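One structure is given here, and the rest of the page talks about it.
Quick note: residue numbers are just sequence positions, from 1. Everything quoted here is computed from the prediction, not taken from an experiment.
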Amino acid sequence: QVQLVESGGGLVQAGGSLRLSCAASGLTSGNYAMAWFRQPPGKEREFVAAISRTGGSTEYANPVKGRFTISRDNAKNTVDIQMSGLKPEDTAVYYCAARYTSYSTVVPTTAATYVYWGQGTQVTVSS
């Protein structure tokens, strides 16, 4: 049974930093592309960042480029996202997602292509 568990969310002031972590079980993470999505209050879920199964390729949504960094440790089956320069508009529930891929450079950015999802962790940025 595949399980993704996010941690690290919380309340932070604008300009601050947070590091979210996603622990995967029931899968060999080195076979899966991983991503972070978020759902702001009253809005649709949106792509944040993704990383290829080897970690060699990454993609970021434009609003977070230069502020967020996604990384993974396949030995530990974890994927993290370091968020800096946080803004009130970053307030959302953040979700970890995984999808199997046989391609080492594939970095999917579409939510519909991800099969496994965590329960989410709340990030609130105060102004």
Side-chain angles (χ1 to χ4, degrees):
Q1 181 181 357
V2 176
Q3 191 172 18
L4 303 177
V5 179
E6 302 96 337
S7 62
L11 174 64
V12 64
Q13 288 188 332
S17 299
L18 275 178
R19 187 178 185 89
L20 305 184
S21 186
C22 173
S25 60
L27 57 78
T28 302
S29 67
N31 292 331
Y32 289 76
M34 305 287 289
W36 288 92
F37 291 80
R38 67 186 182 187
Q39 187 164 14
K43 296 184 178 181
E44 298 289 316
R45 191 172 298 190
E46 62 187 30
F47 170 73
V48 176
I51 189 166
S52 62
R53 65 177 197 171
T54 63
S57 299
T58 57
E59 289 285 346
Y60 295 91
N62 286 335
V64 309
K65 281 183 180 177
R67 299 189 297 124
F68 291 12
T69 302
I70 190 171
S71 61
R72 67 187 300 160
D73 186 335
N74 286 342
K76 297 180 179 179
N77 271 9
T78 58
V79 59
D80 293 350
I81 188 163
Q82 176 68 45
M83 306 186 296
S84 303
L86 284 162
K87 306 175 181 180
E89 51 264 43
D90 294 319
T91 294
V93 178
Y94 283 71
Y95 297 91
C96 176
R99 61 158 279 181
Y100 176 84
T101 176
S102 57
Y103 298 102
S104 61
T105 59
V106 165
V107 190
T109 62
T110 304
T113 67
Y114 283 86
V115 176
Y116 302 107
W117 292 84
Q119 292 298 308
T121 185
Q122 176 70 47
V123 171
T124 302
V125 184
S126 62
S127 57

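Here the shortest heavy-atom pairing between E59 and T109 reads CB-CG2, 3.9 Å. Shown here for P108 and T113, the closest heavy-atom pair between the two residues is CB-OG1, 3.6 Å. Heavy-atom minimum distance, A98 versus M34: CB-SD, 3.3 Å.
A donor-acceptor pair under 3.5 Å is formed between the side chain of R72 and the backbone N or O of S52. Looking at N74, its side chain never comes within 3.5 Å of a backbone N or O of T54 through a donor-acceptor pair.
Partners of T28 under the side chain to side chain contact (heavy atoms under 4.5 Å, CB included) rule, at least two apart in sequence or in another chain, are N31. Judged as a ring-ring contact (aromatic ring centres under 6.0 Å, His included), and not counting sequence neighbours, the contacts of Y100 are Y32. Partners of E46 according to the salt bridge (Lys or Arg N to Asp or Glu O under 4.0 Å) rule, which considers only residues two or more places apart in sequence or in another chain, are R38. With sequence neighbours left out, T105 forms a side chain to side chain contact (heavy atoms under 4.5 Å, CB included) with S57. In this structure, Y116 has no ring-ring contact (aromatic ring centres under 6.0 Å, His included) partners at least two apart in sequence or on a different chain. Contacts of Y60 classified as ring-ring contact (aromatic ring centres under 6.0 Å, His included), with partners at least two apart in sequence or in another chain: none. Evaluation of the side chain to side chain contact (heavy atoms under 4.5 Å, CB included) rule for R67 yields V64, K87, D90 as partners, not counting sequence neighbours. Under the side chain to side chain contact (heavy atoms under 4.5 Å, CB included) criterion, V5 pairs with Q3, sequence neighbours left out.
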Run the side-chain donor-acceptor check on residues 118-126: report pairs under 3.5 Å with partners two or more places apart or on a different chain.
from : atom 1 : to   : atom 2 : distance (Å)
T121 : OG1    : G9   : N      : 3.3
Q122 : NE2    : A92  : O      : 3.4
Q122 : NE2    : T124 : OG1    : 3.3

Margin query: Go through it in stages, so that I can follow the logic: the residues are M83 and W36, the test is side-chain contact (heavy atoms from CB on, under 4.5 Å), and I'd like the CA-CA distance, side-chain angles, deciding distance and then a yes or no.
Written below: CA-CA 12 Å; M83 306 186 296; W36 288 92; over 6 Å; no

Next item on the list: Mind running side-chain contact (heavy atoms from CB on, under 4.5 Å) on T58 and V107 for me, showing each step along the way?
Entry: CA-CA 6 Å; T58 57; V107 190; 5.6 Å; no

Next item on the list: Take Y95 and Q39 through the side-chain contact (heavy atoms from CB on, under 4.5 Å) test and state the conclusion after the steps.
Entry: CA-CA 8 Å; Y95 297 91; Q39 187 164 14; 4.1 Å; yes

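In this structure, L11 stands alone, with no Ile, Leu, Val, Met, Phe, Trp or Tyr side-chain heavy atom under 4.5 Å from its own, directly or through other members.
Residue pairs that meet the salt bridge (Lys or Arg N to Asp or Glu O under 4.0 Å) test with at least one member in residues 75-85, sequence neighbours left out, are R19-D80. Applying the disulfide bond (SG atoms under 2.5 Å apart) definition to pairs two or more places apart or across chains, those involving residues 47-118 are C22-C96.
Under the 30°/60° scheme for interplanar angles, the aromatic rings of F47 and F37 are found to stand perpendicular.
Follow the hydrophobic side-chain contacts under 4.5 Å out from W117 and you never reach I70; the two are in separate clusters. Under a hydrophobic clustering in which Ile, Leu, Val, Met, Phe, Trp and Tyr are joined whenever their side-chain heavy atoms come within less than 4.5 Å, directly or via other members, L20 and V12 fall into the same cluster.
Under the 4.5 Å side-chain criterion, counting only non-hydrogen atoms from C-beta, S17 is in contact with Q82.
The OG1 atom of T110 sits 9.0 Å away from the CZ atom of R99 when rounded to the nearest 0.5 Å.
Screening I51, V48, T69 against I81 for a side chain to side chain contact (heavy atoms under 4.5 Å, CB included) leaves a single residue, V48.
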